[in-house]
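This report refers to the structure that appears directly beneath it.
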Amino acid sequence: MMIIGTLMIEHRLIERMVKILDRELDKAGKDGLINPADLDSFVDFMRVYADKCHHGKEEGILFAELDRKDVSREHRKITGELVSDHIFGRSLVNKLVALNAEYKSGDKGKLKEITGVFSGLAEFYSAHIRKEDKSYFIPVMKYFSPQEHEAMLNAFNDFDSRMDLAKYQEMVVSMEKTLKSL
Ligand SMILES: [Fe+2]
Ligand SMILES: [Fe+2]
């Protein structure tokens with residue numbers, strides 16, 4: 001397994017979670033209701049799985065190791081963009097938290113804003129994933145020797161062993177099931 005394989009597999013789970021919320025909000029646009037608990041699950045998933053675990057490995061291991069290398073100007077530029085994307089993504093998730101709190105306290109009119117912020121997040125984040133998958137991960141692997149790659153892989157495994165990844169895989173599977181039965 002290569003470290004970018006791990007990161008790409010994580011991208012696929014993130015995409016599934018985004019799709020679940022997208023379907024739910026689409027439905028909510030018709031009947032005017034969203035289950036705020038699902039939005040809470042989405043936020044938990046984005047903060048812990050996508051941010052802490054996934055971005056944590058990107059920033060804390062891959063980007064950090066690349067920083068020590070003599071990378072091309074283009075690759076340095078993309079790394080900077082990716083880090084800014086993570087910051088922007090966090091700000092959108094925080095917005096969703098605030099809007100969901102208002103929705104829960106009875107302001108049902110917030111649904112439209114929730115949908116708006118979510119659509120922005122979904123579009124922005126899928127572009128982010130595309131950028132990493134299509135024009136970054138594979139080319140930057142050339143900067144590492146097999147030994148250096150092996151060391152990163154060990155660091156990835158160490159990092160993941162401290163995270164509850166199964167919780168988030170199960171969360172996605174169970175939300176997909178619920179959505180299908182509606
Ligand atoms: Fe990223
Ligand atoms: Fe990523």
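Numbering starts at 1 and runs along the sequence shown. Keep in mind that what you see is a predicted model, and the values were worked out from it rather than measured. Order of appearance sets the numbers: ligands from 1, and atoms from 1 within every ligand.
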Side chains of Leu39 and Leu21 in contact at under 4.5 Å (non-hydrogen atoms): yes
Is Glu10 close enough that one of its N/O/S atoms sits under 2.8 Å from the Fe ion (ligand 2)? no
Looking only at the side chains, is there a donor atom on one of Asp133 and His11 sitting less than 3.5 Å from an acceptor on the other? yes
Confirm or rule out an N/O/S atom of His128, from backbone or side chain, lying less than 2.8 Å from the Fe ion (ligand 2). no
So, of the N/O/S atoms that Glu132 has, which is the nearest one to the Fe ion (ligand 2)? OE1
Side chains of Asp85 and Tyr125 only: does a donor on one sit below 3.5 Å from an acceptor on the other? no
Among the N/O/S atoms of Glu58, the Fe ion (ligand 2) lies closest to OE2
N/O/S atom of His55 inside 2.8 Å of the Fe ion (ligand 2), strictly under: no
Can His128 and Glu81 be counted as having a side-chain donor-acceptor contact under 3.5 angstrom? no
Is it true that Asp22 and Lys27 make a salt bridge, defined as a side-chain N closer than 4.0 Å to a carboxylate O? no
Which of the N/O/S atoms in His54 sits closest to the Fe ion (ligand 2)? NE2
